[in-house]
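Okay, structure first, notes after.
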Amino acid sequence: MAYKLIDLTRDGGVAIIQLDRPKALNALNTEMMSEVADALTTLEADDGIGCVILTGSEKAFAAGADIKEMSDNNYLSIYKNDPFEENHCSIERFRKPIIAAVAGYALGGGCEIAMMCDFIIAADNAKFGQPEINLGVMPGIGGTQRLMRAVGKAKAMDMCLTGRMMPAEEAERAGLVSRIVKLDDLMSTAKEAASKIANQSQPVAMITKETVNAGFNMTLDQGIRFERRLFQSLFTTQDQKEGMAAFIEKRKPHFKNK
Ligand code: DAK
């Protein structure tokens, strides 16, 4: 598939999906999200890719779902032909690690797709928000739920009810982003993190991701038991033997993803 609204590049084991609709501040329309879904399907099947970075421009990661495309819907049309569900969920369903590298606006659906990624690295100019209430609607692809889990009820309510933007420093303090870097350093930092992940054992990275995410839907006791069984199962892999042997032999491990 030839892409018009995203750029897909590869650098070793890292793939970068860049949202590229600058005139509309990367507003997420159906076409762009289909392209993201297609790219993720390709990358999931590509054994050479161990980590993906999702990013936008310096001014906007994404300013939300495309308001102009969405505005004429009625209840039945948005219910029956939800132009977003399948495509947005492709990020949620992606099984390999995916990092959001966010500069500028991450609003509405933009904030929501950043939160679907495994963690967010933010530039110092990043601004997060769920301003849907200003449009007479509310977040619709996980904003109320993921934001609350990331920053707690008080801040999630504040963001969703006032529609205000949260600057990068506040987002880091609140736990929404894992780190903030200077705008100029955003992509090099994200690539360094992604490359570290891509050099690990791919199945172990995928199972680690799955285990953290599973915890959102389990009690602590169930989550710990789930983690314990998966930890034990990793002793069936060649990569466990290699990782531990490399430590003992004081050398770098060479994982085979087996
Ligand atoms: N949609 C469409 N176009 C947008 C846009 C958006 N979300 N955001 C910006 N643009 C366009 C502007 O219309 C403008 O286009 P032209 O007028 O030049 O043609 C261009 O981008 C530049 O924007 P501005 O001139 O406004 O730029 P400023 O620097 O002055 O302001 C801003 C930047 C980000 C503060 C402002 O553009 C803004 O407030 N944008 C809207 C932010 C917003 O409200 N985002 C939430 C959108 S609602 C669903 C589930 C979820 C959703 C939808 C469906 N289902 C389950 C079906 C999600 C909904 C949303 O995300």
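Start at 1 and go down the list; that is how both ligands and their atoms are numbered. The structure displayed is predicted, hence computed values, not measured ones.
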For F255 versus S201, what's the shortest heavy-atom pair and its separation?
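Smallest interatomic distance, heavy atoms only, reads CD1-N, 3.4 Å.
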Polar contact flag for [X] and ligand 1 (N/O pairs, less than 3.5 Å):
{"X": "G109", "result": "yes"}
{"X": "I141", "result": "no"}
{"X": "K59", "result": "yes"}

Numbered atoms and elements of ligand 1 in range of [X], under 4.0 angstrom, heavy atoms:
{"X": "L107", "result": "34 (C), 42 (C)"}
{"X": "P131", "result": "43 (C), 44 (O), 45 (N), 46 (C)"}
{"X": "I78", "result": "57 (C)"}
{"X": "L135", "result": "44 (O), 47 (C), 48 (S)"}

Under the side-chain contact (heavy atoms from CB on, under 4.5 Å) rule, what do N29 and L5 come out as? Steps first, then yes or no, please.
CA-CA 9 Å; N29 64 9; L5 300 178; 3.6 Å; yes
Of [options], which has the heavy atom at the shortest distance from [atom]?
{"atom": "atom 9 (C) of ligand 1", "options": "S77, A60, A24, P22", "value": "A24"}
{"atom": "atom 42 (C) of ligand 1", "options": "C111, A63, G64", "value": "A63"}
{"atom": "atom 58 (C) of ligand 1", "options": "G140, A65, A62, G163", "value": "A65"}
{"atom": "atom 13 (O) of ligand 1", "options": "K23, K68, R21", "value": "K68"}

Side chain, backbone, both or neither: which part of N134 comes within less than 4.0 Å of ligand 1 when only heavy atoms are counted?
neither
Ignoring hydrogens and angles, state whether a donor on the side chain of D185 or T189 is under 3.5 Å from an acceptor on the partner side chain.
no
Identify whether the distance between the nearest side-chain nitrogen and carboxylate oxygen of E35 and R21 falls below 4.0 Å.
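Looking at E35 and R21, the cut-off is not met.
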Measure the spacing between OG1 of T30 and CE of M70 and express it to the nearest 0.5 Å.
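Going from OG1 on T30 over to CE on M70, the span is 10.0 Å.
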Listed partners of R251 passing salt bridge (charged side-chain N to carboxylate O under 4.0 Å, His left out), at least two apart
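So R251 forms a salt bridge (charged side-chain N to carboxylate O under 4.0 Å, His left out) with E242, E249.
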Do L43 and R10 have side-chain heavy atoms sitting under 4.5 Å apart?
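Heavy-atom side-chain distance check passes, below 4.5 Å.
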Quick one: ring-ring contact (aromatic ring centres under 6.0 Å, His included) partners of F231, sequence neighbours excluded?
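By the ring-ring contact (aromatic ring centres under 6.0 Å, His included) rule, F231 matches F235.
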